[in-house]
Amino acid sequence: MTIKALPVFFILAACGTHANAQFQGQTYFMDEGVKVMAGAQEKTMAWCGGFDNPQLALADLNHDGKKDLVVYERDYKQVKTFINYGTAGNPDYRYKPQYAKNFPVVDEYLKMEDYNRDGVPDLFHKGLAGVDVYKGYYNGNNELCFTHYKSLYYSNDTHSIGQVNVYVEPSDIPALLDMDGDGDLDMLAYWSGGAKMYYYKNYQAEDGWPADSIVMKLADRCWGRLDQLFLRTHNLGVTCDNSGLTGLKQSGQNRHTGNCLCMFDADGDGDYDYMDGNISYSDIQFIKNGKVENSYPVDTMVSQDTTWQKNGHVLNMPQWPATFWLDIDQDGDKDLLFTPHFEGTENYKSIAIYRNTGSDASPVFTFQSDTFLMDKMIDAGSGSYPMFYDYDKDGKPDLIVGSDGYYQANGTMRSHLSYYKNTSSGFQASLTLQGTDFDSLFAENMQGAAPAAGDLNNDGKDDLVLGKSDGTLAFFPNTAASQAVQPNWSHSANTQMQLRDSSNTVITVSANAAPFIYDLNKDGKPDLLIGGRYGYLAYYENISTTPGQVKLALRNMQVGHVNPDSNNFINYSVPFIGKMDNTGNDYILCGSNSGAIYRYDGFQAGNTAINYPTIDTMYSFIKDGVRSAPAVADIDGDGKYEMVIGNLKGGLTIYSQNQAATINNAALSAGNKTGVRVYPNPAKDMLYVSWTKEFAQAPVHIMIYAATGQLLVEHTVNNSPQGTALSIGDIPSGTYFCKVVSGQDESVLPVTILR
């Protein structure tokens, strides 16, 4: 058995001058155990990272007989998985990211349907051809997994030569369901140009193929007898000559591409009506099928509602709404849900639900909310920035979250802060929402609010600085009586909505300012560091000598040469400086556009004129989403740290330090003179292998052997990086040996695998 190795995903840079500087491996692990409350209600999806353009599907992920929630964000190509801990009619979806690792890389759209009727959900997505199919199965841990079945083609068009791919326009969402009631799955999608809808009929049942087959044929070039131009209104009564499916021409002019289809039975009469989400509009078009009522021989659309509404509520989902017909509340009938399909628009009111308060035979779709599920998570719009700060002075770090802003109806962003009080008790970590317009910031109409706290005006009290999207900063002085009491970050005449330096020049980093306040030069006064869109950290020294006076002097626009994702032009650096593990050392963490967390060393002595060595280019193997923004604190006082990470989608993820960081390279090697390390040990699904720079003078060969001598894994790493990851999910529990060879050097280490 040969297990495929994952691509190399970290490179260890030179360690530099700090005695304890070293690559630590994985010390932080994703942990949703920190409870988040809003009043008496728990935010059960708090740490899922937020949604912007979610596509929704239901599937039993853990083989317990209950439908779980799968969410796909196509701009990240990211799948998020939520296990249902509720009951029929009262689901309780909770974020469990470990199930997402079993999904293939999904492109453009995600459909989960049981094509072979074996009771296991299968997966459909765009793939290279237009429709790729993955067969679902459950592994030994009862986790839903997938194996590639095939791409879909048809060959019954005599006008074409050979097989033709079942076509779905890039960025469109097709419809996938049993259109003709024969038990197998058919597909509908707009053809190239977007004017007419093609019906791809599955002939598995008709032609007597096994159930585990999909046999597609093109059945109709203008399904529903309609086409669409550039208007909301569709043209009805259109006919096509489908005889022989040869030589057909599109009638009418082509319109732009961009359609999200959802077939559903709006009136329970047995034929399929549909919703058409259109790239040009923020509302939805409903088209009714008159086949049953009028005894038509084929599906024929007879009427339309170009701005669909129910019970007086007009759906408005800027921009390009997508519709999903599924039993999201699991009460036995299907509901309608709508999400924005177009990136860069709505970023909080991202799931509208019209609950079916009737039945599938007699549906009644009633609007419930346009923030369905969103109210169960932390989501600050777009571009979230967490900050830990003991605001109420009870000795525990609270969480304050800012962002680039929430989408407004006029197309702009508007920022405010959310405040989560640390309500941990004992070693049970918890946070409780106190308000989503903390410090009444919404009235300032700011675009961008990346928070930092520290004493910049030399009066002994921590002030508030907010980084704005235009690269400037706003300054809110603390007018409270003392540092010992809750701050009063004033919005008075002393407020500098554009913080200036000692030469009265507006401080700016061009775009997306991300400040952090820290005494970098060790002179006893907190300085200002600012990350931003273009990566480097700007350093402003605090030279104030007068209490109450802000006096910042620009010293270096590229301090320490810190620059995450340095090979790219757009980097989005977000700094955090402080303690983050049991070593007791301060380090610089820096979020990045790629989502990786970088770690830097060498600044602790106060030297601001040197380059700060890079220790990690993916600290603790964390790369979650896009535009990571880290903040670290010991939330529950147990001596271990938690790391909360913001991202472009405005949500947060959380990681806990569940493994002690090693102090020196000897500990890393654990007696192995070559510096090779394997971890975690015991391992479950992934095994990480790292080695010192001196060891990797030639390509590194990695082999895992059973105790009997059988070779199970063989992988070669070229270009001398200093680590890789191996997937070991198919190896049973037991003791194995990992042999790592580079040139004349080799190391053999025992590995325990536990399921």
Side-chain angles (χ1 to χ4, degrees), residues 28-52 54-73 76 78-103 110 112 121 138 141-145 324 326-331 335 337 339 348 350-351 353 355 368-369 371-380 384 399 401 420 423-424 428-433 624-625 635-636 642-645 647 649-656 658 684-685:
Y28 279 86
F29 296 80
M30 188 170 282
D31 178 12
E32 305 83 52
V34 178
K35 184 177 292 188
V36 179
M37 304 296 295
Q41 299 297 315
E42 183 182 357
K43 286 183 172 286
T44 53
M45 302 166 73
W47 305 110
C48 73
F51 297 161
D52 279 355
Q55 297 181 30
L56 310 173
L58 294 176
D60 184 359
L61 296 172
N62 58 354
H63 207 192
D64 65 352
K66 293 189 289 189
K67 291 291 184 69
D68 307 301
L69 176 64
V70 180
V71 177
Y72 173 62
E73 293 267 2
Y76 284 9
Q78 184 178 44
V79 173
K80 297 182 180 182
T81 49
F82 301 81
I83 295 298
N84 178 10
Y85 289 90
T87 57
N90 188 31
D92 180 11
Y93 301 114
R94 298 190 177 233
Y95 185 46
K96 296 297 174 183
Q98 60 266 34
Y99 293 90
K101 74 181 186 303
N102 299 322
F103 281 68
L110 170 66
M112 301 202 70
Y138 291 103
N141 296 322
N142 282 320
E143 297 175 339
L144 181 62
C145 299
F324 303 90
L326 66 167
D327 185 11
I328 194 71
D329 58 5
Q330 307 214 16
D331 64 351
D335 313 292
L337 297 102
T339 68
Y348 184 71
S350 295
I351 305 178
I353 180 171
R355 197 179 303 275
Q368 301 285 311
S369 170
T371 57
F372 179 65
L373 300 181
M374 305 295 297
D375 56 355
K376 297 182 182 297
M377 64 188 71
I378 299 175
D379 193 305
S384 50
L399 177 65
V401 185
Y420 294 84
T423 50
S424 301
Q428 176 57 57
S430 67
L431 301 164
T432 301
L433 178 64
D624 189 16
I635 295 176
D636 55 2
E642 284 77 36
M643 185 189 307
V644 169
I645 304 174
N647 60 58
K649 293 202 173 294
L652 301 178
T653 52
I654 188 167
Y655 294 78
S656 294
N658 292 337
K684 183 181 179 183
D685 297 306

Item to check | Evaluation steps, side chain to side chain contact (heavy atoms under 4.5 Å, CB included), between Tyr72 and Met112 | outcome: CA-CA 11 Å; Tyr72 173 62; Met112 301 202 70; over 6 Å; no
Item to check | Stepwise side chain to side chain contact (heavy atoms under 4.5 Å, CB included) check, Val644 with Trp47 | outcome: CA-CA 9 Å; Val644 169; Trp47 305 110; 4.0 Å; yes
Item to check | Residues Asp68, Lys96; criterion side chain to side chain contact (heavy atoms under 4.5 Å, CB included); working and verdict | outcome: CA-CA 10 Å; Asp68 307 301; Lys96 296 297 174 183; over 6 Å; no
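Minimum heavy-atom separation, Ser350 to Met374: CB-SD, 4.1 Å. Residues Asp60 and Gly65 approach most closely at OD2-N, 2.9 Å, considering heavy atoms. Heavy-atom minimum distance, Ser384 versus Gly651: OG-O, 2.7 Å. Across every non-hydrogen atom of Asp335 and Asp329, the tightest pair is OD2-OD1, 2.9 Å. Of all heavy-atom pairs spanning Gly625 and Tyr76, the tightest one is CA-CE2, 3.7 Å. Annotation for Glu642 and Val34: closest pair CG-CG2, 4.5 Å, computed over non-hydrogen atoms.
Residues Val36 and Leu399 form no side-chain contact, since every pair of their non-hydrogen atoms from C-beta on lies 4.5 Å or further apart. Counting heavy atoms from C-beta on, the side chains of Asn142 and Asn62 never come closer than 4.5 Å. Looking only at side-chain heavy atoms (C-beta outward), Leu144 and Tyr138 come within less than 4.5 Å of each other. Side-chain contact between Gln41 and Lys376 is absent, with no heavy atoms from C-beta onward closer than 4.5 Å. Annotation: side chain of Tyr420 is in contact with side chain of Ile378 (closest heavy-atom distance under 4.5 Å). Side-chain atoms of Thr81 and Asn102, non-hydrogen and from C-beta on, never get closer than 4.5 Å to each other. Residues Val70 and Val79 form a side-chain contact, since some pair of their non-hydrogen atoms from C-beta on lies under 4.5 Å apart. Using a 4.5 Å cut-off on side-chain heavy atoms (C-beta onward), Asp624 and Met30 make contact.
In this structure, NZ in Lys35 is found 12.0 Å from CG in Leu431, a value given to the nearest 0.5 Å. Distance check, rounded to the nearest 0.5 Å: CE of Met45 to NZ of Lys80 gives 9.0 Å. Rounding to the nearest 0.5 angstrom, the gap separating the CG atom in Leu56 from the CZ atom in Phe372 is 8.5 Å. Between the CG atom in Leu69 and the OH atom in Tyr99 there is a gap of 14.0 Å [rounded to 0.5 Å]. Rounded to the nearest 0.5 angstrom, Asp375 CG and Thr44 OG1 are separated by 8.5 Å. Separating the CG atom in Asn141 from the NZ atom in Lys684 is a distance of 5.5 Å, to the nearest 0.5 Å.
Note on Lys67 versus Asp327: no salt bridge recorded, every NZ/NE/NH1/NH2 to OD/OE distance being 4.0 Å or above.
Partners of Lys101 under the salt bridge (Lys or Arg N to Asp or Glu O under 4.0 Å) rule, at least two apart in sequence or in another chain, are Glu143, Asp685.
Within the structure, the side chain to side chain donor-acceptor pair (under 3.5 Å) test picks out the following pairs touching residues 86-95 (sequence neighbours left out): Glu42-Arg94, Asp92-Arg94, Tyr93-Gln330.
Within the 3.5 Å criterion, the main-chain N or O of Ile353 finds no donor-acceptor partner in the side chain of Gln368.
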